[in-house]
J.: 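What follows is a single structure, and I will ask about it in a moment.
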Amino acid sequence: MREKLGEIRRLALESTDAISDLRELENLRIKFLGKKGELTKVLRDMGKLSPDERPIIGGIANDIRKEIEEKIATIKETLVQEAKRAKLEKEKIDITISTNNEKLGHRHPLLSTIDELEDLFMSMGFTVISGPEIETVANNFDALNSPENHPSRDLSDTFYLNEDLVLRTHTSPVQIRAMKEMGAPLRIISAGRTFRFDDVDDTHSPMFHQLEGLVVDENVSMANLIHTLDIFIKELFGKDMKTRYRPHHFPFTEPSAEVDVSCFKCRGEGCQACNYTGWSMELLGCGMVHPQVLENCGIDSEKYTGFAFGMGIDRITMVKYGINDIRLLFENDNRFLEQF
Ligand code: PHE
């Protein structure tokens, strides 16, 4: 019986070496260790042994079973790992492969302008903040001193969501938010979308973009305002560009002005584009913050003064890039956008 067991051990260990697949391995396990397997068959004859021999042979049989089991387990583990590796190898994706048609996008010209404006004002010490596009009537009109009967409040000019909420008609309500939240002194700009009930044409769109600036501090004067905007325009468009301030009216600034800038085409010489005036008209609105607006936001108007300005970013983008139709900015036609 010892010889028989030794023979089974030898055979089992040898044949496992030749195995290369999991199913074969399982068959082999059944063949040697299964209920009707070789080892079991031998052990069934244990009854024929003498009582002294039984435990000895039983011990040997158990050791052999253990040895074969361990060998099978090791081979199984190797086969499983190999199968996994083969699967990964087969499913490998080469992410370095070139497709020859990769297209890298770039910023929309409008966003490039906003970036440039923000960088410029940040270099002048302004903090960039933002406000919501859905604004309260209180912030968009009331706190900005705009009278109850002001034409801009009309339903035909403003998108009302309900009695108290509008799509903001300008970025000026961000002034109100900033002053209420941060108090004085203050130096902020804020760019974003604005909305007015305009019909679409070459220069009008019901959705457009503005940039707002606000400075509040002690002894802030109109001279500071003019100096700041002059530097800004020269930095943005070139040192030879001039500004011109025409008296205007805004409910939230007093005095108020509209700002013209040297014509972008002839740079002041006079040409067809500027009707031979040398000026591009109404690039900015600005003025000294109305004391009532400061008070509305809890700022002491005896101690503090401020200036504010607002500009159309779409217009600036158009003159900067020589675009003659505002619709081009919003149609997202790649043939147009790819040019920038
Ligand atoms: N909010 C004004 C407009 O939309 C522009 C402006 C801003 C004027 C700040 C003065 C000061 O026309």
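These values consider heavy atoms only, across backbone and side chains, with no hydrogens, waters or symmetry-generated copies. Order of listing sets the numbers, starting from 1, for every ligand and every atom in it. Nothing here was measured: the structure is a model prediction, and the numbers come from that model.
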J.: Could you pull out all residues at least two apart from Thr228 that satisfy side-chain hydrogen bond (donor to acceptor under 3.5 Å, both in side chains)?
T.: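 If we apply the side-chain hydrogen bond (donor to acceptor under 3.5 Å, both in side chains) test to Thr228, skipping adjacent residues, there are no hits.
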J.: From Phe250 CZ over to Glu258 CD, what is the distance, rounded to the nearest 0.5 angstrom?
T.: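 Rounded to the nearest 0.5 Å, the CZ-CD separation comes to 5.5 Å.
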J.: Looking at Arg23 and Glu26, is any side-chain nitrogen of the basic one under 4.0 Å from a carboxylate oxygen of the acidic one?
T.: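 No salt bridge links Glu26 with Arg23.
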J.: Anything under 3.5 Å between an N or O on ligand 1 and a protein N or O? List each pair with its distance, or write none.
T.:
from	atom 1	to	atom 2	distance (Å)
ligand 1	1 (N)	His170	ND1	3.0
ligand 1	1 (N)	Ser172	OG	2.8
ligand 1	4 (O)	Arg196	NH2	2.9
ligand 1	4 (O)	Gln210	NE2	2.9

J.: Could you give the distance from CZ (Phe252) to NE2 (His290), rounded to the nearest 0.5 Å?
T.: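 Phe252 atom CZ to His290 atom NE2 measures 11.5 Å (nearest 0.5 Å).
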J.: Using the benzene-type ring in the case of Trp, are the ring centres of Phe121 and Phe309 under 6.0 Å apart?
T.: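 Close enough - the centres of the two rings lie under 6.0 Å apart.
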J.: Between atom OG1 of Thr317 and atom NE2 of His209, what is the distance when rounded to the nearest 0.5 Å?
T.: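 Here the interatomic distance stands at 8.5 Å.
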